[in-house]
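Input: a single structure, listed below in structure tokens.
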Amino acid sequence: MNPHRYQKAFAVADYDLAATLTSGQAFRWRFRDDAWESVVNSRWICLKQNRNQFFAQTLVQNDDWKWLADYLQLEIDLPKILSTFPDDEPMRAAVAACHGLRLLRQDPWECLASFILSSTKQIVQIQQIVTLLCERFGTTVAVPTGREPMFAFPTVEQIAQRTEADLRACKMGFRAPYLLGTARMIARGEVDLAKLHGSSVEDARAELLKFPGVGRKIADCVLLFAYGFQSAFPVDVWIMKALQQLYFPKRRAHLKRLQKFSQTHFGPNAGYAQQYLFHYMRMKMNEEPR
DNA sequence: TCAGACCCTCACAG
DNA sequence: ACTGTGAGGGTCT
């Protein structure tokens with residue numbers, strides 16, 4: 001009784017699906033049988049890239065595929081964004097090394113919750129925690145016959161109703177009260193995530209900073225990856241290393257100096273530039289550890 | 001403004 | 001095989 005599959009092909013250019021889905025902005029994509037699988041908007045989704053085409057499959061009838069095009073940001077003009085990057089050597093190297101890297105447009109709650117779980121964690125560990133969280137508290141979604149079950153990301157309510165111990169059992173440690181407190185604030189209506197779409201970046205950031213466990217870095221991740229504020233520039237240890245090495249190789253720059261630099265040097269799409277630097281840095285570290 | 005603490009897991013020495 | 005140690009997309013006090 002294989003559920004019916006709905007398919008669509010998208011024409012794409014300058015899109016490196018693998019780089020995009022593994023670049024640390026989303027944590028639920030897996031490569032399997034030559035395709036990328038995940039759950040987006042509570043739907044099982046399978047994506048395959050073949051040169052300048054994506055083939056997408058779901059099991060739920062889609063009147064249109066706008067939700068997916070939006071998530072993948074298929075409509076944006078990448079060359080135009082790249083043209084706003086500063087014309088310097090580090091940026092040219094990063095762009096050359098990460099051809100087709102994109103920013104996704106994710107669900108704010110899933111993004112916020114995932115990045116609360118990310119603090120002082122490696123990407124594989126974040127994936128592990130998110131997987132456990134979805135398995136235990138998320139709603140089952142339809143999958144192809146014979147597959148292991150998959151789950152939607154737990155809703156605000158599904159998290160808010162748990163206990164701190166329930167969450168700690170997902171290996172998230174001291175982040176458990178942060179996630180729980182955040183879910184409960186949203187459930188009580190103290191902050192409306194949907195409203196932030198119409199806000200200025202400063203107002204939206206101020207709202208996100210009200211949540212426990214959310215500081216400047218995580219707030220900027222959510223502003224960038226979920227709300228599309230492309231000036232947001234999350235500064236983490238990797239970006240610190242990148243800025244230090246690439247822009248201040250001779251002398252040691254102070255944290256404050258680097259943060260200031262990040263907000264002035266990279267232009268209107270600074271967040272996009274950040275993603276290129278981040279990915280470039282991780283690639284370089286993998287090639288030559290230490 | 002600034003260390004420490006915070007949970008937990010893995011990789012890597014010894 | 002086993003224990004010890006350090007560090008990992010930060011934030012809070």
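- Spacing between C/dG6 and B/dG4 at atom C1', rounded to whole Å, works out to 16 Å.
- Here the closest heavy-atom approach between residue A/E164 and residue A/L180 is recorded as N-CD2, 3.6 Å.
- For the pair A/L132 CG and B/dC8 P, the interatomic distance rounds to 13 Å; values are reported in whole Å.
- Rounded to the nearest Å, the gap between the P atom of B/dT9 and that of C/dT11 is 22 Å.
- Within the nucleic acid shown, A/S114 has no heavy atom closer than 4.0 Å to any nucleic acid atom.
- Contact annotation for A/G24: base contact, defined as any heavy-atom pair under 4.0 Å involving a base atom.
- Using modelled atom types and a 3.5 Å distance limit, the side chains of A/R30 and A/T131 yield a donor-acceptor pair.
- In this entry the distance linking NZ of A/K121 with C1' of C/dG10 reads 12 Å, nearest Å.
- Judged by distance alone, the side chains of A/T155 and A/E157 never bring a donor and an acceptor atom under 3.5 Å apart.
- Of the residues in residues 214-238 of chain A, those with a non-hydrogen atom less than 4.0 angstrom from any atom of DNA chain C are A/V214, A/G215, A/R216, A/K217, A/I218, A/D236, A/V237, A/W238.
- Under a 4.0 Å N-O distance rule, the pair A/E37/A/R147 qualifies as a salt bridge.
- Looking at heavy-atom distances under 4.0 Å, A/Q274 makes contact with a base.
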Quiz item: Could you spell out the base pairing of DNA chain B in dot-bracket, with Watson-Crick or G-U pairs whose two distances are under 3.5 Å, [ ] crossing and | to another strand?
Solution: ..||||.|||||||
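- The same ILVMFWY cluster, assembled from side-chain heavy atoms under 4.5 Å apart, contains both A/I186 and A/Y178.
- The six-membered or imidazole ring of A/F10 lies away from that of A/F55, with a centre-to-centre distance of 6.0 Å or more.
- Taking atom P on both C/dG9 and B/dC12, the two are 14 Å apart, rounded to the nearest angstrom.
- A salt bridge between A/R92 and A/D88 is absent, with no side-chain N of the basic residue lying under 4.0 Å from a carboxylate O of the acidic one.
- Here the P atom of nucleotide B/dT1 and the CD atom of A/Q259 are 12 Å apart, to the nearest Å.
- Rounded to whole Å, atom C1' of B/dC8 lies 12 Å from atom CD of A/Q122.
- You'll find the side chain of A/L243 reaches within 4.5 Å of the side chain of A/L277, heavy atoms only.
- The ring of A/F278 has its center no closer than 6.0 angstrom to the ring center of A/F225.
- The NZ atom of A/K241 sits 14 Å away from the C1' atom of C/dG10 (whole-angstrom rounding).
- The distance from atom CD of A/Q128 to atom C1' of C/dG9 is 17 Å, rounded to the nearest whole Å.
- Aromatic rings from A/F266 and A/F261 are positioned such that their centres are separated by under 6.0 Å.
- At a threshold of 4.0 angstrom between heavy atoms, the contacts of A/T120 include nucleobase atoms, whether or not backbone atoms are also involved.
- Residues from residues 168-185 of chain A with heavy atoms under 4.0 angstrom of DNA chain B, sorted by number: A/R168, A/K171, A/G173, A/F174, A/R175.
- With a 4.5 Å cut-off on side-chain heavy atoms, A/L196 and A/P108 do not count as touching.
- Rounded to an integer number of Å, the gap from A/I129 CD1 to C/dG10 P is 13 Å.
- In this structure, CZ in A/F211 is found 5.5 Å from CE in A/M185, a value given to the nearest 0.5 Å.
- The nearest whole Å value for the distance from the CZ atom in A/F278 to the P atom in C/dG10 is 9 Å.
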